[in-house]
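A short worksheet on the structure shown next.
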Amino acid sequence: MDTADDAGIYKLSDDLALVQTVDFFTPIVDDPYMYGQIAAANALSDVYAMGGKPVTALNIVGFPISKVEKRILAEILRGAADKLQEAEVTLLGGHSIDDEEPKFGMAVTGLIHPAKIWTNAGACPGDLLILTKPIGIGVLTTAIKREKLDQESIEQVMKLMATLNRETAEIARRYPVHAATDVTGFGLLGHASEMARGSSVGMEIAFSRVPILPKTRELAEQQVFPGGSKANYRWLRDKVDYEREIDETDRLILSDAVTSGGLLLSLPPEEGWKMVKEMNRQGIGAVAIGRVVSEHPGIIHVVKELTL
């Protein structure tokens, strides 16, 4: 709890522990089937971010059953069920309430060996920082709500959010990962800040290396940001130092609140570069975005360029 890890661990024996998490949110896309897929992928991600294997899930549903067609709820549940099947996770049931605004998510239970847990508090000076999905999701989903995004871009961002971190985590487990987290509501810099503070290290992140979804900058310049991104930016004011070339729009993008984002991984450089290459061969867009340093513990320096 002290370092805001992604999930809780309960040790059952010397070689087995439970990983438990819960996550749900209101609709961020218009397609109910994709909403169910995204919500499931997002909930499962916390288990992957701890190095665990999700095995069971429970649906959490709030729905205005008397005001909205039941088939929409059926589509949400179908999307979630299909994503669980893809992840080889068993649905054990769930609970629903009649609610004014739709809400959906899952409580997920996974398994892990107690000696193989990833936390966000183990990053070491010299480590490479690797990000496995592009950012900008908060900007684009806000653009969807404001009807400012074209269909091709909508399809792209929905597919990204619905992509499981399963294969990413499976590959990463073959490498000496020192620290890990998934990038979600606190944004890239928010989750990196938690890792830096939890590990008592500093970080350097190169803006030019951070993968950003197409049209993010264009929309950000029009002030298309969710409220969460602006709150993140304000919260990070005393935790991040920016190079002068990084303007306020770029700073907000780095703070953008993400739904079902990728993993942020910290591991030794030689192994980190090997992992990036392996992930890229498998179609995972992993990118080295920075490094861990012993200087300025708890603080992130964001620069335009960085040689890694």
**Study point:** N/O donor-acceptor pair under 3.5 Å between K116 side chain and I112 backbone
**Key:** no
Study note, to complete from the structure: In short, P226 meets G138 closest at the heavy-atom pair CD-O, 3.5 Å
Exercise for review: State whether the number of non-hydrogen atoms from other residues, nucleotides or ligands found under 6.0 Å of F186 atom CZ is greater than 12.
Suggested key: no
Review point. Is there a side-chain contact between Y10 and Q20 (heavy atoms, below 4.5 Å)?
Key: no
Study note, to complete from the structure: Rounded to the nearest 0.5 angstrom, the CG-CG distance for N42 and D23 is 4.5 Å
Revision key, fill the gap. Residue pairs meeting ring pair (Phe, Tyr, Trp, His ring centres under 6.0 Å), one or both in residues 99-129, sequence neighbours left out, come to none
Review point. So, Q151 versus E155: side-chain donor-acceptor pair below 3.5 Å or not?
Key: yes
Review point. Are a donor atom and an acceptor atom from the side chains of N120 and T181 found within less than 3.5 Å of each other?
Key: no
Study note, to complete from the structure: Output for pair (L219 CG, F225 CZ), nearest 0.5 Å, gives 9.5 Å
Review point. Under 3.5 Å, is there a donor-acceptor pair linking the side chains of S45 and N165?
Key: yes
Check your understanding: Does some side-chain heavy atom of I300 sit less than 4.5 Å from a side-chain heavy atom of L236?
Key -> no
Practice item. Indicate the atoms forming the closest heavy-atom contact of G228 with A257, along with that distance. Key: C-CB, 4.1 Å
Point to revise | Which atom of L265 lies closest to which atom of A172, heavy atoms considered | key: CD1-CB, 4.1 Å
Practice item. With L189 as reference, evaluate V302, N232, I253 under the side-chain contact (heavy atoms from CB on, under 4.5 Å) test and give the passing residue. Key: V302
Exercise for review: Decide yes or no for T141 and T259: does some side-chain heavy atom of the first lie under 4.5 Å from some side-chain heavy atom of the second?
Suggested key: no
Review point. Where do L306 and G290 come nearest, in terms of heavy atoms and distance?
Key: CD2-CA, 4.1 Å
Review point. Are R217 and E221 ion-paired here, with the side-chain N under 4.0 Å from a carboxylate O?
Key: yes
**Study point:** E170 vs R166, salt bridge (charged side-chain N to carboxylate O under 4.0 Å, His left out): CA-CA, chis, key distance, verdict
**Key:** CA-CA 6 Å; E170 287 174 351; R166 177 186 182 181; 3.3 Å; yes
Review point. Passes side chain to side chain contact (heavy atoms under 4.5 Å, CB included), R291 versus L308? Steps please.
Key: CA-CA 8 Å; R291 62 192 173 204; L308 298 175; 4.1 Å; yes
Check your understanding: Is there a side-chain contact between P268 and P176, using heavy atoms and a 4.5 Å cut-off?
Key -> yes
Check your understanding: Quick one: does T216's side chain get under 4.5 Å of I135's, heavy atoms only?
Key -> no
Point to revise | Co-membership, hydrophobic cluster, residues W235 and M203, 4.5 Å side-chain | key: yes
Check your understanding: Quick one: are V47 and K53 in side-chain contact, heavy atoms under 4.5 Å?
Key -> no
**Study point:** M161 and I28, any side-chain heavy atoms less than 4.5 Å apart
**Key:** yes
Check your understanding: With distance as the sole test, does D247 use its side chain to make a donor-acceptor pair with the main-chain N or O of R251 at under 3.5 Å?
Key -> no
Check your understanding: So which heavy atom on A162 is nearest to which on A41, and how close?
Key -> O-CB, 3.8 Å
**Study point:** Criterion side chain to side chain contact (heavy atoms under 4.5 Å, CB included) on S199 and V292, from CA distance to verdict
**Key:** CA-CA 10 Å; S199 305; V292 179; over 6 Å; no
Check your understanding: When rounded to the nearest 0.5 angstrom, what is the spacing between CG in L267 and CG in L128?
Key -> 6.5 Å
Exercise for review: Enter the distance from I171:CD1 to K277:NZ here, rounded to the nearest 0.5 Å.
Suggested key: 15.0 Å
Point to revise | Backbone N/O of H178 and side chain of S266: donor-acceptor pair under 3.5 Å | key: no
Review point. For Y175, does the OH atom sit with more than 12 other heavy atoms under 6.0 Å from it, leaving out its own atoms?
Key: yes
Revision key, fill the gap. So CG of L160 and CD1 of I137: to nearest 0.5 Å the spacing works out to 4.5 Å
Study note, to complete from the structure: Value for CD1 (I76) from NZ (K103), rounded to nearest 0.5 Å, stands at 12.0 Å
Check your understanding: Counting only heavy atoms not in D98, do more than 12 fall under 6.0 Å of its CG?
Key -> yes
Exercise for review: Report the C-alpha distance between M275 and E278 in whole Å, list the side-chain angles of each, state the deciding distance to 0.1 Å, and finish with yes or no for side chain to side chain contact (heavy atoms under 4.5 Å, CB included).
Suggested key: CA-CA 5 Å; M275 188 183 75; E278 183 176 355; 5.7 Å; no
Check your understanding: Is there a path of hydrophobic side-chain contacts, each under 4.5 Å between heavy atoms of I, L, V, M, F, W or Y residues, that connects L264 with I284?
Key -> no
Point to revise | Joint hydrophobic cluster, V177 plus V19, side-chain heavy atoms closer than 4.5 Å | key: no
Check your understanding: Is the closest basic N to carboxylate O distance between K133 and D182 below 4.0 Å?
Key -> no
**Study point:** Y242 six-ring face occupied by R244 cation (under 6.0 Å, within 45°)
**Key:** no
Review point. Should L164 and L44 count as side-chain neighbours, where that means a heavy-atom distance under 4.5 Å?
Key: yes
Practice item. Assess whether atom CG of D14 is packed by more than 12 heavy atoms of other residues, nucleotides or ligands within 6.0 Å. Key: no
**Study point:** Salt-bridge contact E100-K67 (side-chain N to carboxylate O under 4.0 Å)
**Key:** yes
**Study point:** Lys/Arg-Asp/Glu bridge criterion (N-O < 4.0 Å) met for E75, R78
**Key:** yes
Practice item. Start with the C-alpha gap between T168 and Y48, add the side-chain angles, then the distance that decides, and say whether side chain to side chain contact (heavy atoms under 4.5 Å, CB included) holds. Key: CA-CA 9 Å; T168 301; Y48 295 130; over 6 Å; no
